[in-house]
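Comments concern the structure below.
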Amino acid sequence: MTKPQSRTNLASCFVATIFLIFLVIVVFVVYFTVFKPQDPKISVSAVQLPSFSVTNGTVNFTFSQYASVRNPNRGTFSHYDSSLQLLYYGRQVGFMFIPAGKIDAGRTQYMAATFTVQAFPLGFGPTFINGPSNVGPTMEIESRISMAGRVRVLHLFSHHVEAKALCRVAIAVPDGTVLGFHC
């Protein structure tokens with residue numbers, strides 16, 4: 001009589017195991033479709049040069065950039081390794097750390113970054129270009145925003161997320177007017 005009972009116990013164990021495996025698969029599917037962390041979205045709304053001067057072939061200016069960072073996640077985005085970098089033909093001409101902070105779930109935070117760029121030689125790049133005849137010579141700089149941090153999901157898991165934005169800014173050399181930017 002012990003054989004039929006042991007077969008019944010073994011069958012019950014198999015059914016329970018299959019049910020648990022199915023339950024784990026459902027939990028993973030729900031987790032990766034509903035709670036999967038996404039990278040924050042950065043959008044730049046304006047670039048300005050409040051002060052600009054060209055002297056003896058070197059340029060010196062103050063750079064201002066206005067951006068918004070949207071956290072699409074269901075958890076708070078804690079950023080701690082963030083910076084704004086300014087490049088002229090691949091060479092860094094300006095840098096600013098963005099202070100650590102938090103952006104709540106589903107919220108957008110607006111940021112303004114302003115810093116003075118040290119003087120650097122104008123036109124050392126491979127393609128110093130002349131703009132339209134009514135504008136005069138133009139120069140192009142790149143701004144790179146990088147925000148890295150983590151998002152906690154279900155108060156248990158911590159995921160590394162990162163957001164980056166690269167913008168090219170065209171500037172009129174005679175007066176420092178921002179002719180346009182593309183991100």
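What you see is a predicted model; the values in this text were computed from it and never measured.
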Item to check | Residues clustering with Ile25 (ILVMFWY side chains joined when closer than 4.5 Å, directly or via others) | outcome: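 Reading the cluster by chain and number, Ile25 sits alongside Ile21, Val29.
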Checklist entry - Residues sharing Phe95's hydrophobic cluster, by side-chain heavy-atom contacts under 4.5 Å among ILVMFWY, directly or via others? => result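 Phe95 clusters with Phe97.
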Find out if a path of hydrophobic residues (ILVMFWY) with successive side-chain heavy-atom gaps under 4.5 Å connects [X] to [Y].
X: Met96; Y: Val117; result: yes
X: Leu87; Y: Ile42; result: no
X: Leu86; Y: Val178; result: yes

Hey, what do you get for [atom1] ([X]) to [atom2] ([Y]), rounding to the nearest 0.5 Å?
X: Lys41; Y: Thr108; atom1: NZ; atom2: OG1; result: 11.5 Å
X: Arg70; Y: Gln38; atom1: CZ; atom2: CD; result: 9.0 Å
X: Ser78; Y: Asp104; atom1: OG; atom2: CG; result: 9.5 Å
X: Leu122; Y: Thr55; atom1: CG; atom2: OG1; result: 11.0 Å
X: Phe52; Y: Asn60; atom1: CZ; atom2: CG; result: 9.5 Å
X: Met147; Y: Met111; atom1: CE; atom2: CE; result: 3.5 Å

Item to check | Heavy-atom donor-acceptor pair, Asn73 side chain to Ala105 backbone, under 3.5 Å | outcome: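 Between the backbone of Ala105 and the side chain of Asn73 there is no qualifying donor-acceptor contact (under 3.5 Å).
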Item to check | Side chain Ser45, main chain Tyr66, donor-acceptor under 3.5 Å | outcome: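 Here the side-chain-to-backbone pair exists.
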Is [Y] close to [X] at the side-chain level, that is, under 4.5 Å between some pair of heavy atoms?
X: Ile171; Y: Ile141; answer: yes
X: Arg107; Y: Asn71; answer: no
X: Val93; Y: Phe63; answer: no
X: Val44; Y: Ile145; answer: yes
X: Val59; Y: Phe120; answer: yes
X: Phe115; Y: Leu84; answer: yes

Checklist entry - Applying salt bridge (Lys or Arg N to Asp or Glu O under 4.0 Å), which residue pairs with at least one partner in residues 154-173 are found, sequence neighbours left out? => result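 Of all non-adjacent pairs touching residues 154-173, those that pass salt bridge (Lys or Arg N to Asp or Glu O under 4.0 Å) are Glu140-Arg168, Glu142-Arg168, Glu162-Lys164.
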Show the nearest heavy-atom pair for residues [X] and [Y], with the distance to one decimal.
X: Val69; Y: Pro40; result: CG1-CB, 4.1 Å
X: Pro137; Y: Pro174; result: O-CD, 3.6 Å
X: Arg144; Y: Leu166; result: CG-CD1, 3.5 Å
X: Ile98; Y: His79; result: CG2-CE1, 4.4 Å
X: Thr138; Y: Ala172; result: CG2-CA, 4.4 Å
X: Gly176; Y: Leu49; result: O-CD1, 3.5 Å

Checklist entry - Using the ring of each side chain (for Trp, its six-membered ring), is His160 parallel, tilted or perpendicular to Tyr80, with breaks at 30° and 60°? => result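 Judged by the thresholds at 30° and 60°, the geometry between His160 and Tyr80 is tilted.
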Checklist entry - Just wondering, are more than 12 heavy atoms of other shown residues or ligands nearer than 6.0 Å to CZ in Arg152? => result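 Count over threshold, so yes.
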